[in-house]
Amino acid sequence: MILELDMIQTVALAVVVLLIGQAIRNRVEILRTFCIPAPVVGGMIFAILALFLRQSGIMEFQFDTTLQSVLMTAFFTTVGFTASLRLLKQGGLKVIIFLFAAILLVVLQNAMAVGFAKVFDLNPLLGLATGSVPMTGGHGTSGAFGPLFEEHGAVGAATVALASATFGLIGGSMLGGPLAKRLIEKHNLVEKKAAAVADTDMPEVEEQKLLDADRFLSGAFQIALAMGLGTIISMYIEKTGMTFPSYIGAMLAAALIRNISDMTNTYEVPSTEIAIMGDIGLSMFLSMALMGLKLWELADLAIPMIVMLIGQTVLMAVFAYFVTFNMMGRDYDAAVLAGGHCGFGMGATPNAIANMQAITGNYGPSPLAFFVLPLIGSLFIDFFNAGIITTFMNIFG
């Protein structure tokens, strides 16, 4: 029996799945500890149920995912609004260095993923589904690029990417604390941290304002405008003959709108309200994407996928220990950032913050780390990651 749900019914079911995920996450401590998003909790439960029903010959679901692509584009449009060159400049040299380290990790993650795919004689795009797409990109980027990889012949890429992203959230959370502890104790950084945490003039990322209905309305209009302009930009980009995700034009349009605002001060981009709308879009998009997981496609990929994910974990540990720590100055702040980098280099910025909170809770505060990492993890890395993934996809796809 095949149960077909139309566009509205699919959205309604996605809301139910999301609410179930929130209820379970609120009651299970380990899910909150590892910062597992509610859409992932609910979506994975539904995917397992769908697998059981399909394998038992009882029922199979078919969804109308029209609004899933709209929600995906809306979310990545809000990502584009965070790409402020003024903020990047304001952050100083440490921010630039950490951004470079994060970009270098993205390149290495994808190079390793393609290399493993060749070893296992798999489609390189299937390999990329275990690279920076789920690792640095997390579930949002996985939900966007997985189906795109499948359109280009990588069967099961969407399921692999989302499953890998879930693994990354857990792995990055478990890796960061012990790695930073080792660095701090090996280099006796506890004795030096007094100098490292001395008061500094850290610039404010952005002034927080009370939420306002007019600002929400303005933010919604700007998102819609960027999405519309993005279709025109994407149309011209496609004429290059290269393959790009559908949202890339909207993301570029949003970045343009943001930076014109920063340079001219003729209008305001309500960042807080746009971020909230982005979170709503991401939650709904992820819920729908995970509902459609085809877990049965993982059976033939189990061993290669395990090997590739172990490889990504080793890469993250080695990179954070030897590269991030050294690039950021080999001091206490650098050790905290190395632990945090494990969090968002394999998961998401909230995991990175959780890692750093645990580290500083034991060894003392690090204002620099808590300024630098969120600025890169929440604002800039998704923008660069999308471009790098697209480049790899066009080279190896």
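What you see below is based on every heavy atom in this structure, not just the backbone, and it leaves out hydrogens, waters and symmetry mates. What you are looking at is a predicted structure, and each value in this text was computed from that prediction instead of being measured.
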Residue pair H187, Y332: steps toward the ring-ring contact (aromatic ring centres under 6.0 Å, His included) verdict: CA-CA 9 Å; H187 298 283; Y332 177 73; over 10 Å; no

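- Annotation: side chain of K94 is in contact with side chain of M328 (closest heavy-atom distance under 4.5 Å).
- Interatomic distance, OG of S271 versus CD1 of I276, reported as 11.0 Å (0.5 Å rounding).
- Inter-residue side-chain proximity for T73 and S246 is flagged as met; some heavy-atom pair is nearer than 4.5 Å.
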Evaluation steps, side chain to side chain contact (heavy atoms under 4.5 Å, CB included), between I96 and L88: CA-CA 7 Å; I96 302 293; L88 185 61; 3.7 Å; yes

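- A distance-only check finds a donor-acceptor pair linking the side chain of T264 to the backbone of I260 [under 3.5 Å].
- The two residues V106 and S132 come nearest to each other via the heavy atoms CG1-OG, 3.5 Å.
- Hydrophobic clustering, with ILVMFWY side chains joined whenever heavy atoms are under 4.5 angstrom apart, groups I30 together with I353.
- If you take CG on L87 and CG on N259, they are separated by 9.0 Å, rounding to the nearest 0.5 Å.
- Side-chain atoms of Q312 come within 3.5 Å of backbone atoms of Q109 as a donor-acceptor pair (strictly under, hydrogens ignored).
- Atom-to-atom distance recorded for R54:CZ and E60:CD is 5.0 Å, nearest 0.5 angstrom.
- For the atom pair CG of L148 and CG of L125, the computed distance is 8.5 Å after rounding to the nearest 0.5 Å.
- Closest of all the heavy-atom pairs between A165 and G138 is CB-C, 3.9 Å.
- With rounding to the nearest 0.5 angstrom, the CG atom of L18 is 5.5 Å from the OG atom of S283.
- Looking at R32, its side chain does come within 3.5 Å of a backbone N or O of R25 through a donor-acceptor pair.
- F167 has its side chain out of reach of T130: every pair of non-hydrogen atoms, C-beta onward, lies at least 4.5 Å apart.
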Residues I223, F81; criterion side chain to side chain contact (heavy atoms under 4.5 Å, CB included); working and verdict: CA-CA 9 Å; I223 292 171; F81 279 109; 4.1 Å; yes

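- Placement of L225 and M263 in two distinct hydrophobic clusters is found when ILVMFWY residues are connected by side-chain heavy-atom separations under 4.5 Å, directly or transitively.
- Checked by atom type and distance alone, the side chain of S261 pairs as donor or acceptor with a backbone atom of Y267 at under 3.5 Å.
- Note on V314: it clusters hydrophobically with F120, by side-chain heavy-atom contacts below 4.5 Å among ILVMFWY residues.
- By the 4.5 Å heavy-atom criterion applied to side chains, M316 and L105 are counted as neighbours.
- In the hydrophobic clustering of ILVMFWY residues, with side-chain heavy atoms under 4.5 Å counting as a link, I48 and L3 come out apart.
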Stepwise side chain to side chain contact (heavy atoms under 4.5 Å, CB included) check, K181 with Y363: CA-CA 9 Å; K181 180 177 184 293; Y363 296 106; 3.2 Å; yes

Criterion side chain to side chain contact (heavy atoms under 4.5 Å, CB included) on F383 and M251, from CA distance to verdict: CA-CA 8 Å; F383 195 85; M251 195 163 66; 3.9 Å; yes

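- Taking both residues in full, the closest heavy atoms of L122 and P304 are given as CD1-CB, 3.9 Å, listed atom of the first, atom of the second, then distance.
- The minimum heavy-atom distance linking E150 with A157 is given by the pair OE2-N, 3.3 Å.
- Taking CE from M135 and CG from L108, the interatomic distance works out to 14.5 Å, rounded to the nearest 0.5 Å.
- Looking only at side-chain heavy atoms (C-beta outward), N326 and Y321 stay at 4.5 Å or farther from each other.
- Centroid-to-centroid, the aromatic rings of F75 and Y247 stay 6.0 Å apart or farther.
- Among all heavy-atom pairs drawn from A117 and G127, the shortest one is CB-CA, 3.9 Å.
- The minimum heavy-atom distance linking G339 with A180 is given by the pair CA-CB, 4.2 Å.
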Stepwise side chain to side chain donor-acceptor pair (under 3.5 Å) check, E238 with S234: CA-CA 6 Å; E238 288 172 3; S234 292; 5.6 Å; no

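- A 4.5 Å side-chain heavy-atom check between F145 and L128 finds every atom pair outside the cut-off.
- No option in T136, N355, T324 other than T324 meets the side-chain hydrogen bond (donor to acceptor under 3.5 Å, both in side chains) test with H341.
- A donor-acceptor pair shorter than 3.5 Å cannot be found between the side chains of D64 and T10.
- Counting heavy atoms from C-beta outward, L179 and C342 have side chains that approach closer than 4.5 Å.
- Q222 places a side-chain N or O within donor-acceptor distance of the main-chain N or O of E268, the cut-off being under 3.5 Å.
- Under a hydrophobic-cluster definition in which Ile, Leu, Val, Met, Phe, Trp and Tyr are linked whenever side-chain heavy atoms come within less than 4.5 Å, directly or via other members, V41 and V28 are assigned to the same cluster.
- More than 12 heavy atoms of other residues, nucleotides or ligands lie within 6.0 Å of CE in M327, so this atom counts as buried by the packing criterion.
- Applying the 6.0 Å contact sphere to OH of Y236 captures no more than 12 heavy atoms from other residues, nucleotides or ligands.
- Under the 4.5 Å side-chain criterion, counting only non-hydrogen atoms from C-beta, T349 is in contact with L373.
- Proximity of a side-chain donor or acceptor of T166 to a complementary backbone N or O of L162 within less than 3.5 Å is detected.
- Under the 3.5 Å distance criterion, the side-chain polar atoms of N385 are left unmatched by any main-chain donor or acceptor of I381.
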Steps toward side chain to side chain donor-acceptor pair (under 3.5 Å) verdict (S173, N351): CA-CA 6 Å; S173 297; N351 297 68; 2.8 Å; yes

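- Taking a 6.0 Å sphere around CD1 of I58, one finds it holds more than 12 heavy atoms contributed by other residues, nucleotides or ligands.
- For T231 (side chain) and G228 (main-chain N/O), a donor-acceptor pair under 3.5 Å exists by modelled atom type.
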